[in-house]
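First comes the structure, then the notes that go with it.
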Amino acid sequence: MKRMFGFCFASLLFALIRADAADINVDFSKVTGRIRPELHSSGCAPRLYPRAVRNDDLDIKAMGCYATRTHDWALWNSGQRIIDTHFIFPLMHLDPKDPKNYYFKATDEVLKYSKNIDLKILYRLGASIEHTGDVHFNVLDPEDHDKYAEVLAGIMRHYLKGWADGFYWADVFQGWEIWNEPDGTTNCYVIPECKEKDWLKRMDLHKPRFCNLFATVLKRLKSEFPDQQIGGPAMIDAREPYFRTLLKACKDKGVAPDFISWHGYTSNPESLIAPIAKMRALLDEFGFTKTRMIIDEWHYLRNSNWDGVHGGVPIAYRRAHEGPSGLYNIDSAVFNVYVLSRFQDTVLDEAYWYGSNPLGNWGWLKENGTLNKCWYSMKLFGDFVKTAKTKVLVSVDGKKSKHVAAVAGLSSDGKRASLVVCDYQGGNDRLYVEIKGLDNIKNVSAVILDHTRDLSPVSVSFNDGIMCLPRFDENSAAFLVSFECAEASK
């Protein structure tokens, strides 16, 4: 079919469009739940280094994220002894009950920055990823699991009970996560004596030891902090056999995780969405009906392929980073909006976009220090969440619009309505939206994020309840449409 771009047809055409011809149907009179801001969280946070050179606070606040996760912060705060357990308690032969054996100052400072811009904190207990080849120092399985649990209890006590000149920040912490990617047995969890090279066999050998560590730590921490959300272990993906072993270890010790967590790097949003229901069923099977689910690292990955992401062959690096489908260009940005929109219709409890080092592969700045497309995508959804509190009924015709997603909501007073629409990886020359339940509209405005525009105002045609969103090229695009109502909708 010949592709047509530019502004939509004239108003006369709308009289010919039936409601069933719309790509998206929205009924603002039918409430389906609440918009959950917890699903719009990230790893982004103000940096301790190089704060004197560049202060990121306002840029991060503008993304509108609910919470931040502390994993890998030590890697992009050069030279700072923060977050990781080995920086806070560097000498494991010392007494974990003696506050003199901990170093909290730098971590205190960096956490204050997040608190000051109203971010909740998911604190990852353990170490940042360690790409050191065959030799490891920080991601080793602790020799004494019970003592390691005492160290982690000291860290939590400092931030929750004022211990060691600490704080009473129980309302700040969204949760405490035990470890990161234990199935990453060459860079995140290593048993030194294991010489097995085959990755799957190696993981199976590591699994029993880690599951004992996790259950031991969880039981100890819950005994002192029963009101805190404690869980993990941030698996590489929703790896059901591993989770089964982990949940059984917890059950055998008579303790339930408050949440389980896993990751996803892909260009296929369905691979993020599909495991959610399966993991819910797994938890319920074990009787952990109150255990929550978190995807605490997710990010677009071109063609779901790691080739060239971290450099190497120049052509592979260019393929991964450049063009509309590059790592932080328009496909990546609209993928973010698509996933965030779809998450709202799942039973997932929290989600954290892996935005980390602002200038790195997973960051929100271009190499020249200006904002990239991913930042604008997070701001778009953050602006939506800021206004929309009540979720309303939305349906998308998947047959006509393969990679189109939408989510809509009303403000608390019902005087404002918001709609997010995205077309991931293009394929549509125009998008039609049927709007119901807003008979009192007095103003409509919209912004677009596409290959050449960054949340730029755009005119939308709206007649007889049918809205047409304009497309300007064949690439991915996302819209935020705002409706101002004369009075609260009924």
Side-chain angles (χ1 to χ4, degrees), residues 67 69-71 83-86 88-89 91-102 104 107-108 111 120-127 140-180 182 189 207-235 242-261 283-284 286-294 296 349-350:
R69 176 177 179 252
T70 65
H71 179 61
I83 302 297
D84 291 359
T85 303
H86 59 275
I88 293 177
F89 193 86
L91 302 175
M92 282 300 296
H93 65 278
L94 298 180
D95 182 2
K97 295 182 180 180
D98 187 342
K100 295 195 300 293
N101 296 328
Y102 294 77
F104 286 112
T107 300
D108 292 349
L111 293 180
K120 299 288 187 182
I121 297 167
L122 175 61
Y123 195 111
R124 188 270 297 127
L125 300 162
L140 301 174
D141 174 67
E143 293 182 5
D144 186 333
H145 290 181
D146 290 315
K147 184 172 185 178
Y148 190 77
E150 291 300 324
V151 171
L152 300 185
I155 294 173
M156 291 182 65
R157 197 179 305 123
H158 174 78
Y159 290 109
L160 299 172
K161 297 184 177 181
W163 185 74
D165 296 322
F167 306 91
Y168 297 88
W169 283 354
D171 60 331
V172 173
F173 286 94
Q174 189 70 6
W176 302 83
E177 185 172 46
I178 302 167
W179 218 263
N180 177 78
Y189 176 69
K207 189 192 313 183
R209 183 95 63 93
F210 176 79
C211 290
N212 177 72
L213 168 65
F214 183 90
T216 298
V217 169
L218 176 64
K219 186 168 186 175
R220 169 62 185 88
L221 297 182
K222 288 300 293 182
S223 70
E224 184 171 348
F225 310 100
D227 297 330
Q228 287 293 299
Q229 290 286 307
I230 307 170
M235 213 79 76
Y242 203 131
F243 270 113
R244 282 188 174 277
T245 304
L246 184 80
L247 296 176
K248 184 179 184 304
C250 293
K251 200 160 191 175
D252 289 346
K253 284 189 179 288
V255 63
D258 292 304
F259 63 87
I260 60 169
S261 54
L283 289 169
D284 293 347
F286 273 83
F288 294 151
T289 58
K290 295 182 179 179
T291 297
R292 299 160 61 250
M293 299 183 298
I294 302 175
D296 58 9
D349 294 287
E350 295 175 36

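What you see below is based on every heavy atom in this structure, not just the backbone, and it leaves out hydrogens, waters and symmetry mates.
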Side chain to side chain, [X] and [Y], heavy atoms closer than 4.5 Å:
{"X": "Phe243", "Y": "Cys211", "value": "no"}
{"X": "Tyr123", "Y": "Ile155", "value": "yes"}
{"X": "Glu350", "Y": "Asp296", "value": "no"}
{"X": "Trp176", "Y": "Leu221", "value": "no"}
{"X": "Asn101", "Y": "Leu91", "value": "no"}
{"X": "Gln228", "Y": "Met156", "value": "yes"}
{"X": "Leu94", "Y": "Phe89", "value": "yes"}
{"X": "Pro96", "Y": "Tyr148", "value": "no"}

Can you see which heavy atom on [X] is nearest to which on [Y], and at what distance?
{"X": "Leu246", "Y": "Pro233", "result": "CD2-CD, 3.6 Å"}
{"X": "Trp179", "Y": "Pro142", "result": "CH2-CD, 4.0 Å"}
{"X": "Tyr242", "Y": "Met235", "result": "CD2-CE, 3.6 Å"}
{"X": "Ala127", "Y": "His71", "result": "O-CE1, 3.6 Å"}
{"X": "Asp146", "Y": "Asp144", "result": "N-OD1, 3.1 Å"}
{"X": "Val217", "Y": "His145", "result": "CG2-O, 4.5 Å"}

Inset, instruction - Applying side chain to side chain contact (heavy atoms under 4.5 Å, CB included), run through Gln229 and Arg292 and close with a yes or a no. - result: CA-CA 9 Å; Gln229 290 286 307; Arg292 299 160 61 250; 3.1 Å; yes

For the side chain of [X] and the backbone of [Y], is there at least one donor-acceptor N/O pair under 3.5 Å apart?
{"X": "Thr291", "Y": "Pro257", "value": "yes"}
{"X": "Thr70", "Y": "Arg124", "value": "yes"}
{"X": "Lys253", "Y": "Lys219", "value": "no"}
{"X": "Tyr168", "Y": "Lys161", "value": "yes"}
{"X": "Asp84", "Y": "His86", "value": "no"}

Quick check for you: to the nearest 0.5 Å, what is the distance between [X] atom [atom1] and [Y] atom [atom2]?
{"X": "Cys250", "Y": "Phe288", "atom1": "SG", "atom2": "CZ", "answer": "6.0 Å"}
{"X": "Asp349", "Y": "Phe259", "atom1": "CG", "atom2": "CZ", "answer": "11.0 Å"}
{"X": "Glu224", "Y": "Leu152", "atom1": "CD", "atom2": "CG", "answer": "11.5 Å"}

Can you name the salt bridge (Lys or Arg N to Asp or Glu O under 4.0 Å) partners of [X], sequence neighbours left out?
{"X": "Lys207", "answer": "Asp204"}
{"X": "Asp258", "answer": "Lys222"}
{"X": "Lys147", "answer": "none"}

Inset, instruction - Scan for salt bridge (charged side-chain N to carboxylate O under 4.0 Å, His left out) pairs involving residues 165-177, sequence neighbours excluded, and state none if there are none. - result: Arg69-Glu177

Inset, instruction - Using a strict 4.0 Å threshold on nitrogen-to-oxygen distance, state whether Lys97 and Glu150 make a salt bridge. - result: no

Inset, instruction - Go through the side-chain N and O atoms of Asn180 and Tyr189 and say whether any donor and acceptor fall under 3.5 Å apart. - result: no

Inset, instruction - Could you check whether the rings of Trp169 and Phe167 sit parallel, tilted or perpendicular, using 30° and 60° as the cut-offs? - result: parallel

Inset, instruction - Determine, stepwise, if the pair Phe173 / Leu111 fulfils side chain to side chain contact (heavy atoms under 4.5 Å, CB included). - result: CA-CA 10 Å; Phe173 286 94; Leu111 293 180; 4.2 Å; yes

Legend entry - Partners passing side-chain hydrogen bond (donor to acceptor under 3.5 Å, both in side chains) against Lys290 (at least two apart in sequence or in another chain): none

Legend entry - Contacts of Pro99 that satisfy side-chain contact (heavy atoms from CB on, under 4.5 Å) - sequence neighbours left out: Trp163, Ala164

Inset, instruction - Let me see the working for Tyr102 and His158 under side chain to side chain contact (heavy atoms under 4.5 Å, CB included), right down to the final yes or no. - result: CA-CA 10 Å; Tyr102 294 77; His158 174 78; over 6 Å; no

